[in-house]
**Q** 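Would you mind keeping the following structure in view while I ask a few things?
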Amino acid sequence: MTLYQPFLDYAKAKLQERLSLEPYPIPEGFDRKEAITGKGKRQETVITTSHAFKSPKLRQIRAAHVDGGNSLQVLNFVIFPQLNYDLPFFGADLVTLPGGHLIALDMQPLFHDKTYQQKYSEPILPMFEAHQQHLPWGGDFPDEAKPFFSPVFLWTRPEKTEVVQTRVFEAFKDYLDAYLDFVDRAEAASDRQRLEEIKNAQLSYINYRAAKDPARGMFNRFYGEEWTEEYIHGFLFDLERQYN
Ligand code: DBV
């Protein structure tokens with residue numbers, strides 16, 4: 001059992017329970033990828049598995065799970081709503097490297113106006129504050145990423161693995177449950193201008209994440225550049241391709 005497997009299992013069960021879930025296609029060769037890294041006693045097998053679903057309101061629900069042994073564990077889990085909903089993205093980047101844990105949990109906004117924040121951030125501020133008491137701000141992160149985060153961005157670098165297994169897991173569950181409450185209540189937009197704004201905001205978010213994916217270096221090292229670029233643009237952040 002890996003550090004983040006319980007997170008993935010919880011998410012799958014919860015999605016199954018609360019949504020009308022269907023599989024989302026994973027391009028051939030990308031559902032599971034294995035490589036051996038390091039030399040001699042340091043040799044490790046790094047296995048990346050992909051998981052993907054959709055529902056009537058959610059275009060793509062997908063996770064990448066990287067199992068590279070004790071000192072390398074990653075679960076990157078993102079939900080991309082259909083383009084006729086103004087729902088935020090659910091984003092979880094749970095990363096364990098030799099240097100420690102790095103946790104990002106958010107409902108990443110399409111817009112930054114007050115009305116949008118009142119709809120999607122204010123209702124969950126109390127939940128955010130309750131978790132932040134135990135999961136303090138993780139410090140600097142790239143300036144250019146700031147427009148993509150919300151007022152309830154939980155960003156923390158726990159020192160103990162036990163904190164990941166307890167506090168971070170609790171926060172993950174609460175964020176996912178709260179996100180699914182938003183999904184339940186979401187109503188489709190029909191105004192042409194609004195639909196255009198949603199599409200542009202989604203494209204700008206997804207293109208940013210594809211361009212700046214912090215996992216690119218790691219995937220390049222394990223699996224090569226060709227596989228990595230195809231994984232990023234053909235699966236992890238695929239909107240541009242789906243609409244062209
Ligand atoms: N990050 C991804 C995907 C990953 C992934 C698809 C499948 O977007 C993993 C894997 N994130 C990952 C790894 C690292 C980080 C770091 C492996 C460590 C990189 C390294 O140190 O080598 C939030 N993730 C980070 C960092 C941030 C985030 C701020 C630190 C990177 C840095 O300091 O440059 N998550 C990241 C982010 C957004 C998000 C920028 C949204 C805009 O949701």
Side-chain angles (χ1 to χ4, degrees), residues 2-5 7-8 11 26-27 30-35 37 44 46-52 60-81 88-112 135 137-158 164 168 171-172 175-176 179 201-225 227-240:
T2 66
L3 182 55
Y4 297 116
Q5 188 68 46
F7 292 68
L8 186 56
I26 299 170
F30 293 87
D31 58 331
R32 189 175 192 283
K33 182 74 176 169
E34 208 175 300
T37 64
E44 281 281 4
V46 184
I47 304 170
T48 297
T49 52
S50 303
H51 311 262
Q60 189 200 32
I61 303 165
R62 62 95 183 126
H65 184 209
V66 182
D67 174 13
N70 269 344
S71 55
L72 176 65
Q73 292 293 326
V74 178
L75 181 65
N76 182 269
F77 178 64
V78 183
I79 299 178
F80 303 95
F89 304 94
F90 177 86
D93 202 14
L94 313 174
V95 181
T96 299
L97 302 171
H101 308 288
L102 182 161
I103 303 294
L105 253 183
D106 199 9
M107 304 214 193
Q108 301 187 311
L110 292 180
F111 308 110
H112 290 277
L135 299 168
W137 182 246
D140 271 358
F141 70 98
D143 266 335
E144 54 183 3
K146 285 178 187 165
F148 299 102
F149 292 103
S150 83
V152 300
F153 179 36
L154 201 60
W155 165 243
T156 188
R157 299 170 183 271
V164 176
V168 172
F172 178 83
Y175 270 66
L176 185 61
Y179 186 80
Q202 280 232 11
L203 280 170
S204 112
Y205 173 84
I206 287 161
N207 292 343
Y208 171 80
R209 296 231 19 204
K212 301 290 161 136
D213 190 341
R216 183 175 260 108
M218 173 186 87
F219 283 138
N220 274 338
R221 264 183 287 123
F222 299 152
Y223 309 128
E225 216 169 295
W227 185 92
T228 300
E229 290 311 310
E230 194 51 32
Y231 193 49
I232 291 173
H233 294 282
F235 177 65
L236 291 176
F237 304 105
D238 70 354
L239 182 66
E240 190 108 70

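Because the structure is a prediction, the values reported are computed rather than measured. We count ligands from 1, going down the list as the structure has it; atoms in each ligand are counted the same way. We number each residue from 1, following the sequence as shown.
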**Q** Ignoring hydrogens, just give me the one of Phe219, Phe90, Phe153, Tyr231 whose non-hydrogen atom is nearest atom 7 (C) of ligand 1.
**A**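 Nearest option to atom 7 (C) of ligand 1, by heavy atoms: Phe219.
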**Q** Name the orientation class of the two ring planes belonging to Phe235 and Tyr231 (parallel below 30°, tilted from 30 to 60°, perpendicular beyond 60°).
**A**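 Rings of Phe235 and Tyr231: parallel, under 30°.
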**Q** Looking only at protein heavy atoms, which one is nearest to atom 19 (C) of ligand 1, and how far off is it?
**A**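 I find the closest protein heavy atom is Pro214 O, 3.5 Å.
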**Q** Kindly write out the residues that satisfy ring pair (Phe, Tyr, Trp, His ring centres under 6.0 Å) with Phe80, not counting sequence neighbours, or none if the list is empty.
**A**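 So Phe80 forms a ring pair (Phe, Tyr, Trp, His ring centres under 6.0 Å) with Phe89.
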**Q** Using a strict cut-off of 4.0 Å, indicate which atoms of ligand 1 neighbour a heavy atom of Tyr208.
**A**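 Going through ligand 1 atom by atom, the ones under 4.0 Å from Tyr208 are 42 (C).
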**Q** Could you check which of Asp93, Asn76, Asp140 puts a non-hydrogen atom nearest to atom 9 (C) of ligand 1?
**A**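 Selected option, by shortest heavy-atom distance: Asp93.
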**Q** Compare Tyr205, Phe235, Trp155 and give the one whose heavy atom is closest to atom 30 (C) of ligand 1.
**A**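 Comparing heavy atoms across Tyr205, Phe235, Trp155, the nearest one to atom 30 (C) of ligand 1 lies in Trp155.
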**Q** Restricting to non-hydrogen atoms, name the atom on Asn220 and the atom on Glu225 that form the minimum distance, rounded to 0.1 Å.
**A**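 Distance-wise, the nearest heavy atoms are OD1-CA, 3.2 Å.
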**Q** Looking only at atom types and distance, does a side-chain atom of Trp155 sit under 3.5 Å from a main-chain N or O of Gly139, one as donor and one as acceptor?
**A**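 Yes, the answer is positive, given that a donor and an acceptor are paired below the 3.5 Å cut-off.
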**Q** I need the Phe148 CZ to Leu110 CG distance, nearest 0.5 Å.
**A**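 With rounding to 0.5 Å, CZ (Phe148) is 11.0 Å from CG (Leu110).
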**Q** Would you mind running through ligand 1 and noting each atom that sits below 4.0 Å from a heavy atom of Ala215?
**A**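 The atoms of ligand 1 under 4.0 Å from a heavy atom of Ala215 are 4 (C), 5 (C), 9 (C), 10 (C).
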**Q** Distance under 4.0 Å to a non-hydrogen atom of Ala64: what atoms of ligand 1 satisfy this?
**A**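 Per the distance check, 7 (C).
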**Q** To the nearest 0.1 Å, how far is atom 37 (C) of ligand 1 from its closest protein heavy atom, and which atom is that?
**A**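 Here the closest protein heavy atom is Phe149 CZ, 3.8 Å.
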**Q** For the pair Ser50 (side chain) and Phe30 (backbone), establish whether a donor and an acceptor sit closer than 3.5 Å, ignoring hydrogens and angles.
**A**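 Confirmed, Ser50 side chain pairs with Phe30 backbone.
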**Q** I want to know whether Phe141 and Phe149 have ring centres closer than 6.0 Å.
**A**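 Judged by ring-centre distance (under 6.0 Å), Phe141 and Phe149 do meet the cut-off.
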**Q** Residues in side-chain hydrogen bond (donor to acceptor under 3.5 Å, both in side chains) with Asp143, at least two apart?
**A**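 side-chain hydrogen bond (donor to acceptor under 3.5 Å, both in side chains) list for Asp143, sorted by chain: Lys146.
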**Q** Show which atoms of ligand 1 fall inside a sub-4.0 Å distance from at least one heavy-atom site of Pro142.
**A**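 Contacts of ligand 1 toward Pro142, numbered from 1: 29 (C), 34 (O).
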**Q** Have a look at ligand 1 and work out which part of Leu102, if any, has a heavy atom under 4.0 Å from it: side chain, backbone, both or neither.
**A**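 Side chain only.
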**Q** Applying a strict 4.0 Å limit to heavy atoms, is Lys212 in contact with ligand 1?
**A**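 No, Lys212 has no heavy atom closer than 4.0 Å to ligand 1.
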**Q** Near Met218, which atoms of ligand 1 are under 4.0 Å from a heavy atom of that residue?
**A**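 Answer, ordered by atom number: 17 (C).
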**Q** Decide if the gap between the ring center of Phe77 and the ring center of Phe90 is smaller than 6.0 angstrom.
**A**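 So the answer is yes for these two rings.
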**Q** Of Arg216, Lys146, Arg209, which has the heavy atom at the shortest distance from atom 8 (O) of ligand 1?
**A**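 Among Arg216, Lys146, Arg209, the closest heavy atom to atom 8 (O) of ligand 1 comes from Arg209.
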**Q** From atom 21 (O) of ligand 1, work out which of Leu97, Ile103, Leu236, Val66 has a heavy atom at the shortest distance.
**A**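 Answer by nearest heavy atom: Leu97.
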**Q** Can you report which non-hydrogen protein atom sits closest to atom 14 (C) of ligand 1, along with the distance?
**A**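 Closest protein heavy atom to atom 14 (C) of ligand 1: Val95 CG1, 3.9 Å.
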**Q** Evaluate the side-chain contact (heavy atoms from CB on, under 4.5 Å) criterion for residues Gln60 and Ile79: first the C-alpha distance (whole Å), next the side-chain angles of each, then the deciding distance (0.1 Å), finally the verdict.
**A** CA-CA 6 Å; Gln60 189 200 32; Ile79 299 178; over 6 Å; no
